[in-house]
Amino acid sequence: MDGSGHLTLTGLFGHPVRHSRSPAMHNAAFRELGLPYVYVAFDVAPESLAAAVDSIRVLGMRGVNVTIPHKVDVMPYLDRITPEADLIGAVNTIVNENGVLIGHNTDGTGYVRSLLEESRLSLPESPVLILGAGGAARAIVTALAWQGAKEIYIANRTRQKGDELAQRIAALCSVHSVSLADIPELIKRVRLVVNTTSVGMHPNVEESPIDPALLHEGLVVSDLIYNPLETCLLREARRRGATPHGGLGMFIYQGAEAFTLWTGAEAPVEIMRQTVESILIPRR
Ligand code: NAP
């Protein structure tokens with residue numbers, strides 16, 4: 001709270017939101033920096049999305065994160081969309097600039113920041129295999145292409161969605177939609193494999209999106225899932241001498257970027273990470 005007792009409101013619009021770690025993460029960050037902000041999760045049913053967006057202006061909220069299922073549907077209700085969010089075709093952060101609502105997407109940039117910090121890959125020299133073509137894949141593929149990846153292969157269960165994603169970013173880099181049957185040959189030639197599917201997520205923690213026997217030394221294997229922190233895919237990658245990269249960093253950095261957009265301050269990422277880890281790792 002500031003000296004006058006006022007708090008600036010931020011939050012999350014999703015459906016459901018009960019299990020979100022974002023409120024704990026952002027409120028810990030605001031406390032750490034002594035900022036008079038608060039973050040609240042709002043369960044917004046799809047039919048109430050327009051009214052919820054209007055409430056950002058009406059209540060003078062500084063902004064919100066947007067999560068499943070609203071990331072695409074929210075776009076027509078906003079005043080402006082950044083070029084990155086426009087290309088991705090989804091918004092995960094709204095900033096209220098004096099009544100003008102601007103839609104950003106921090107998922108992709110958050111992912112690439114985390115990947116480069118943890119793996120030290122050189123994107124221009126590292127062909128990439130993306131597993132999946134859903135909303136998260138769109139953000140990741142766009143950010144990878146934007147930040148210099150030269151060659152991207154997309155393998156999705158529903159091939160048509162992979163084709164559509166490849167077409168969407170074809171102007172940015174060399175990108176191909178491939179069939180699942182191509183994976184065994186392709187994986188010998190790429191440096192980075194990214195699981196953007198939900199396969200392996202809690203509670204199905206023993207599932208892997210590809211045959212673990214295909215993983216080999218020299219690969220960076222990245223999984224967007226962060227619950228569990230080490231998925232079956234990442235465990236198998238580690239056992240086979242590949243470099244594992246988990247999804248927690250992406251979650252922290254997409255939040256850190258939103259935090260900075262709202263407050264203008266650099267986010268205390270270590271506190272944010274510790275806060276989320278303390279929720280995900282059960283105390284004995
Ligand atoms: P989404 O839009 O629903 O897309 C799901 C993707 O997974 C689709 O490509 C789908 O293929 C594929 N898939 C689902 N079940 C499958 C199965 N049994 N076998 C093969 N493919 C399957 O979801 P999303 O928003 O992209 O999220 C995907 C994952 O990313 C989730 O686990 C989510 O937790 C994670 N994520 C993490 C972060 C982070 O900050 N770390 C952020 C966003 C998302 P079809 O097209 O064939 O259905």
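Hydrogens, waters and symmetry mates play no part in the numbers below; they use all other heavy atoms, side chains included.
- Counting only distance, with no hydrogens or angles, the side chain of Asn96 and the backbone of Met61 share a donor-acceptor pair below 3.5 Å.
- A 4.5 Å side-chain heavy-atom check between Ser114 and Ile252 finds every atom pair outside the cut-off.
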TODO: Determine, stepwise, if the pair Leu87 / Leu172 fulfils side chain to side chain contact (heavy atoms under 4.5 Å, CB included).
DONE: CA-CA 10 Å; Leu87 194 60; Leu172 293 182; 3.4 Å; yes
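- Looking only at atom types and distance, the side chain of Thr93 has no donor-acceptor partner in the side chain of Glu257 under 3.5 Å away.
- No chain of hydrophobic side-chain contacts below 4.5 Å, direct or via other Ile, Leu, Val, Met, Phe, Trp or Tyr residues, connects Ile81 to Val100.
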Open item on the list: If you apply the rule side chain to side chain contact (heavy atoms under 4.5 Å, CB included), what do you find for Val17 with Phe42, and how did you get there?
Closed with: CA-CA 7 Å; Val17 291; Phe42 297 98; 5.9 Å; no
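- In the hydrophobic clustering of this structure, Ile152 does not group with Leu186; members are Ile, Leu, Val, Met, Phe, Trp, Tyr whose side-chain heavy atoms approach within less than 4.5 Å, directly or through other members.
- A distance-only check finds a donor-acceptor pair linking the side chain of Arg191 to the backbone of Gly218 [under 3.5 Å].
- Linking ILVMFWY side-chain heavy atoms closer than 4.5 Å, directly or via other members, places Leu180 and Leu214 in a single hydrophobic cluster.
- In the hydrophobic clustering of this structure, Val128 groups with Met250; members are Ile, Leu, Val, Met, Phe, Trp, Tyr whose side-chain heavy atoms approach within less than 4.5 Å, directly or through other members.
- Residues Glu277 and Arg21 are not paired through a salt bridge, judged by the lack of any N-O separation under 4.0 Å between the basic side chain and the carboxylate.
- Note that the OG atom of Ser208 and the CG atom of Asn195 stand 7.5 Å from one another [nearest 0.5 Å].
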TODO: Start with the C-alpha gap between Thr109 and Trp146, add the side-chain angles, then the distance that decides, and say whether side chain to side chain contact (heavy atoms under 4.5 Å, CB included) holds.
DONE: CA-CA 9 Å; Thr109 42; Trp146 209 295; over 6 Å; no
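- Between His15 and Pro69, some side-chain heavy-atom pair lies under the 4.5 Å cut-off.
- Closest of all the heavy-atom pairs between Ile225 and Thr197 is CD1-O, 3.8 Å.
- Looking at Phe251 and Gln254, their side chains come closer than 4.5 Å, going by heavy atoms from C-beta outward.
- The backbone N or O of Leu101 sits nowhere less than 3.5 Å from a side-chain atom of Arg57 that would complete a donor-acceptor pair.
- The CE atom of Met272 sits 4.0 Å away from atom CE of Met25, with the distance rounded to the nearest 0.5 Å.
- With hydrophobic clusters built from ILVMFWY side chains whose heavy atoms lie under 4.5 angstrom apart, Val44 shares a cluster with Val66.
- At a cut-off of 3.5 Å, with distance as the only test, no side-chain donor of Thr8 or His6 sits close to an acceptor on the other residue.
- Panel note: side chain Asp79, backbone Ile102; no donor-acceptor pair is recorded below 3.5 Å.
- Not a single donor-acceptor pair under 3.5 Å links the side chain of Ser48 to the backbone N or O of Ala51.
- By the side chain to side chain donor-acceptor pair (under 3.5 Å) test, Glu164 pairs with Gln160, sequence neighbours left out.
- Contact check for Ile56 versus Phe13: side-chain heavy atoms found under the 4.5 Å cut-off.
- The shortest distance between side-chain heavy atoms of Ile210 and Ile187 falls below 4.5 Å.
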Task: Verdict with supporting geometry, Arg62 and Glu97, side chain to side chain contact (heavy atoms under 4.5 Å, CB included) - done: CA-CA 8 Å; Arg62 175 61 173 140; Glu97 298 287 6; 3.4 Å; yes
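- Note that OG1 of Thr142 is 7.0 Å distant from CZ of Arg168, once rounded to the nearest 0.5 Å.
- Residue Ile154 holds its CD1 atom at 9.0 Å from CG of Asp163, rounded to the nearest 0.5 Å.
- A side-chain N or O of Thr231 and one of Asp223 form a donor-acceptor pair less than 3.5 Å apart.
- At least one donor-acceptor pair closer than 3.5 Å links the side chain of Asp182 to the backbone N or O of Ser179.
- Here the closest heavy-atom approach between residue Cys173 and residue Ala149 is recorded as CB-O, 3.3 Å.
- By the 4.5 Å heavy-atom criterion applied to side chains, Val72 and Arg138 are counted as neighbours.
- In this structure, Glu118 contributes its side chain and Leu115 its backbone to no donor-acceptor pair below 3.5 Å.
- Pairing each heavy atom of Ser177 with each of Gly162, the nearest pair is OG-C, 3.4 Å.
- Rounding to the nearest 0.5 angstrom, the gap separating the NE2 atom in His104 from the CD1 atom in Ile88 is 12.0 Å.
- The CG atom of Asn65 lies 6.0 Å from the CG atom of Asn92; values are rounded to the nearest 0.5 Å.
- Tested against Leu224, the residues Leu248, Leu131, Thr196 include a single side-chain contact (heavy atoms from CB on, under 4.5 Å) partner, Thr196.
- In this structure, the side chains of Pro244 and Val221 stay at 4.5 Å or more apart for every pair of heavy atoms.
- With contacts defined as side-chain heavy-atom distances shorter than 4.5 Å, the pair Asn156/Leu165 does not qualify.
- Using bins of under 30°, 30° to 60° and over 60° for the plane-to-plane angle, the ring pair Tyr39/Trp262 lands in the tilted bin.
- Contact record, Ala29 with Phe259: CB-CE1, 3.5 Å, taken as the closest heavy-atom pair.
- Looking at Thr10, its side chain does come within 3.5 Å of a backbone N or O of Val38 through a donor-acceptor pair.
- Of all heavy-atom pairs spanning Arg240 and Leu215, the tightest one is CD-O, 3.4 Å.
- In plain terms, the two heavy atoms of Ala145 and Ile169 that are nearest each other are CB-CD1, 4.2 Å.
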